[in-house]
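Letters go in sequence order (proteins before strands), and every chain restarts at 1.
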2 protein chains.
Amino acid sequence: MTNIRDIARLSGYSVSTVSRVINRQNYVSEATRTAIQKVVDELDYVPNAVARDLSRGRTQNVGVVLPHSDHPYFTQLVHGIMRAAFEANYHVVLLPSKYDAALELQYLEDLRQKAYDALIFTSHGLPLTELNHYRRYGSIVVCENPQRCPIPAAYAERQATYEAAFNHLKQRGANHIGILASRDVAISATTQAMVQAYQTVFGQPLAAAAIFTGVATPADGDRAGQYFLTQIPTVDAVLTNGDDIAVGMLRAYRRAGVKPPYLIGQEHQLAGEALNLPTIDHHFEEVGARAFKLAITGQTQNVAIPSEFLLPK
Amino acid sequence: MTNIRDIARLSGYSVSTVSRVINRQNYVSEATRTAIQKVVDELDYVPNAVARDLSRGRTQNVGVVLPHSDHPYFTQLVHGIMRAAFEANYHVVLLPSKYDAALELQYLEDLRQKAYDALIFTSHGLPLTELNHYRRYGSIVVCENPQRCPIPAAYAERQATYEAAFNHLKQRGANHIGILASRDVAISATTQAMVQAYQTVFGQPLAAAAIFTGVATPADGDRAGQYFLTQIPTVDAVLTNGDDIAVGMLRAYRRAGVKPPYLIGQEHQLAGEALNLPTIDHHFEEVGARAFKLAITGQTQNVAIPSEFLLPK
DNA sequence: TTGTAAGCGTTATCAC
DNA sequence: GTGATAACGCTTACAA
């Protein structure tokens, strides 16, 4: 592989002059520039990107940790991150984690090894304090409300919107409500927000049996439907964790020939619109863009983006 | 920043011995290993990832060029690529292109500069011959049928499936058919496949007016609906380029209070299932995984994955 | 305007 | 088992 020293030797100039030419800097005479460019062209030379990164001490890479890549939460977030990263001349590296603590730790170690300038956790299994500990090695941003933990964060402000959704159900006269969630209330801030909003609106805690967790795909929604059909048939309204998931749930009721409960979706996907479901738009693209900006500015700051409760048109 | 030479100096051993310790290699005495490890721990030392990449001459990065990241074709493809990349210990770098030739060229130049070990084009604006030209600098794979161009490719074999779809329409007695496409028939192999399938099934070319292009989002589907409503009201069946897009198109008819034509979707999304639309599953995840494998093995080979025409259950 | 030389932090080869 | 030293390929003070 031909390198900058080869060009220097063959052109008869020094390495630094060659460097100036390939980086289009000043202080090079036109004649010199032409002579060096000629050799560059002849040898089909280009500078090595990795050597540049090493020399500069940064990569312009931002790692994005994703538990899974097939959920709208993550695709929307990634989309927002990419838009902002592109504008700032950064590259987005996708890091699948499956909520595996060992993997998450590996990515933190990669940050420490300067493989990325910053790391964005769209979600995570490790405790926030653990993530926070790695901030000494590089910028880290999470996409959730970090509460008392002083770590940079951009996230959807869900509480008020969940309350609006439950108020909507209350006004419709729903009196036995279920919710669907991705992860258990003990470990997920999102699930906590839903449960908390229920309590605020209805003045009493949500029964544990009314919370169906482990839901990430339409097929899970179907399972949830079967659960409510058989275990809690009196449920008359369900706040699901995705329009797609609501559709999966409806499938179970349709199969059973039973009138489904009133469903509210999330993520503002098309499947919901097709069925005229109310939904919640969390504006995750905006969240992603803001997360990226925090990541490269390195400010310890929290940005909350308000969600929106949407009734079908 | 503490580096391997610091560790060598402080531990009293040489750089090479330190290197052996941090890379867990043999030929190091237990005592030496312990002594060096102690200094490593004290100084909180980790090797620099970029320096390693430079020294090794490769990055374990694969770049994935995406015209846009919000279309199911791309998300499914990326998902498949990520799965395969993860298994092979590669990292996926997302490269947005918007079909911009200058950007695509930039990414090819990045490959040439060894920023990536390989590049996957999920779609592209540049001619295949141009991409092929850059293969001398690194592995390149496209996700379409490259026809006569000898470039590695993994793609969905659509022709037979489009024919199945048109045959389905024929049997239902449809006699005025429209199609929706992302890009013009002149530049898109996908659009060509649809048009060609129509001709094969119906024995005559599809009228140019029956092809509505520039469709990528549900809103575009809505526009397409308005077009057919006002310009070609006799259309009684449309092969759309996405379930989501079909839903957008239905919206236009619903607004106008007009019975919509019979719609076929694509991508096997949930929106289609909600409305009982027939659809086409192109198995893009599998395509992505195969594309990745071609990318790292470097074989000049074409892999065609058959699509599937699906009637609603 | 150009050149020298010291980084950047590893890995790999070969000698001892 | 261990160590010198040469790559890897570039950027950037600083000197001339």
Side-chain angles (χ1 to χ4, degrees), chain A residues 1-40 43-61 109-117 137-138, chain B residues 1-40 43-61 109-117 137-138:
Chain A
M1 162 145 306
T2 137
N3 63 28
I4 197 171
R5 270 183 291 272
D6 297 335
I7 305 298
R9 191 163 18 80
L10 270 77
S11 65
Y13 289 90
S14 74
V15 165
S16 36
T17 304
V18 173
S19 178
R20 281 184 202 106
V21 169
I22 60 181
N23 291 305
R24 309 175 189 296
Q25 289 181 18
N26 300 322
Y27 305 115
V28 180
S29 77
E30 219 27 73
T32 305
R33 188 179 295 279
T34 311
I36 289 176
Q37 190 60 51
K38 180 154 172 283
V39 178
V40 165
L43 296 200
D44 195 29
Y45 166 78
V46 274
N48 179 293
V50 180
R52 276 185 155 162
D53 284 346
L54 177 62
S55 195
R56 292 202 188 105
R58 55 192 164 68
T59 59
Q60 297 285 107
N61 280 346
E109 285 294 331
D110 291 346
L111 175 71
R112 187 175 166 210
Q113 299 185 3
K114 304 282 176 214
Y116 317 109
D117 295 352
Y137 305 119
Chain B
M1 160 144 310
T2 139
N3 64 28
I4 199 170
R5 269 185 288 272
D6 297 334
I7 304 298
R9 189 161 22 79
L10 269 77
S11 66
Y13 289 89
S14 73
V15 164
S16 14
T17 305
V18 173
S19 178
R20 280 184 204 107
V21 169
I22 60 181
N23 291 305
R24 309 175 189 296
Q25 289 182 19
N26 300 322
Y27 304 115
V28 181
S29 77
E30 219 26 72
T32 305
R33 189 179 296 276
T34 312
I36 289 177
Q37 190 61 51
K38 181 153 172 284
V39 179
V40 165
L43 297 200
D44 195 29
Y45 165 79
V46 274
N48 178 293
V50 180
R52 278 187 153 160
D53 283 347
L54 175 61
S55 196
R56 292 203 188 104
R58 57 191 161 68
T59 60
Q60 298 286 106
N61 280 346
E109 285 294 332
D110 291 347
L111 175 71
R112 186 175 166 208
Q113 299 186 4
K114 303 283 178 212
Y116 317 109
D117 294 351
Y137 305 119

Could one point to a donor on the side chain of R5(B) or the base of dG7(C) with an acceptor on the other under 3.5 Å away?
-> no
Mind checking V15(A) for me? I need base, sugar-phosphate or nothing, with any heavy atom below 4.0 Å counting as a touch.
-> base
Between S11(B) and V18(B), the two heavy atoms sitting closest are OG-CG2, 4.3 Å
Given dG3(C), dT1(C), dT13(C), which nucleotide is nearest the side-chain atoms of S29(A)?
-> dT1(C)
Side-chain contact, heavy-atom cut-off 4.5 Å: R20(A) with I36(A)?
-> no
Between atom CD1 in I22(B) and atom P in dT10(C), what is the gap in whole Å?
-> 6 Å
Would you call D53(A) and K114(A) a salt bridge, using N to O less than 4.0 angstrom?
-> no
Do you know which two heavy atoms are closest between A49(A) and A115(B), and how far apart they sit?
-> CB-CB, 3.8 Å
For R5(B), check side-chain contact (heavy atoms from CB on, under 4.5 Å) against everything at least two apart and list the hits.
-> N3(B), V15(B)
Can you tell me the distance, in whole Å, between the CG atom of D6(B) and the C1' atom of dG9(C)?
-> 10 Å
Quick one: does S55(A)'s side chain have a donor or acceptor within less than 3.5 Å of a partner on A51(A)'s backbone?
-> no
What is the distance, rounded to the nearest whole Å, between atom CZ of R58(B) and atom P of dT11(C)?
-> 12 Å
Position toward the 5' end of DNA chain D (nearest nucleotide), L54(B) or Y13(B) = Y13(B)
The helix from dT1(C)-dA16(D) to dC16(C)-dG1(D): angle between end helix axes, five pairs per end, rounded to 10 degrees | 40°
Check the distance between dT10(C)'s P and D53(B)'s CG and give it to me in whole angstrom.
-> 12 Å
At under 4.0 Å between heavy atoms, what does N23(A) touch on the DNA or RNA strands: base, sugar-phosphate, or nothing?
-> sugar-phosphate
Hey, is the side chain of S19(B) poking within less than 4.0 Å of OP1 or OP2 on dT11(C), counting only N and O atoms?
-> yes
Looking at every strand, decide which applies to V46(B) at a 4.0 Å heavy-atom threshold: base, sugar-phosphate, or nothing.
-> sugar-phosphate
Taking the side chain as every heavy atom from C-beta outward, state whether V50(A) and R56(B) have any pair of such atoms under 4.5 Å apart.
-> no
For the residue pair D117(B) and Q60(B), what are the closest heavy atoms and their distance?
-> OD2-N, 2.9 Å
Measure across T2(A) and Y45(A) and return the closest heavy-atom pair with its distance rounded to 0.1 Å.
-> O-CD1, 3.5 Å
First-last contacting nucleotides on DNA chain D - partner chain B, under 4.0 angstrom, heavy atom | dG1(D) to dG9(D)
For E30(B) against T34(B), the heavy-atom pair lying closest together = O-OG1, 2.7 Å
Is a donor-acceptor contact shorter than 3.5 angstrom present between the side chain of R52(B) and the base of dG9(C)?
-> no
Quick one: on DNA chain D, does R20(A) or I4(A) contact a more 5' nucleotide (nearest heavy atom)?
-> I4(A)
I7(B) CD1 to dT11(C) P, in whole Å, measures 13 Å
Give a yes/no on whether any side-chain N or O of T32(A) is located under 4.0 angstrom from OP1 or OP2 of dT2(C).
-> yes
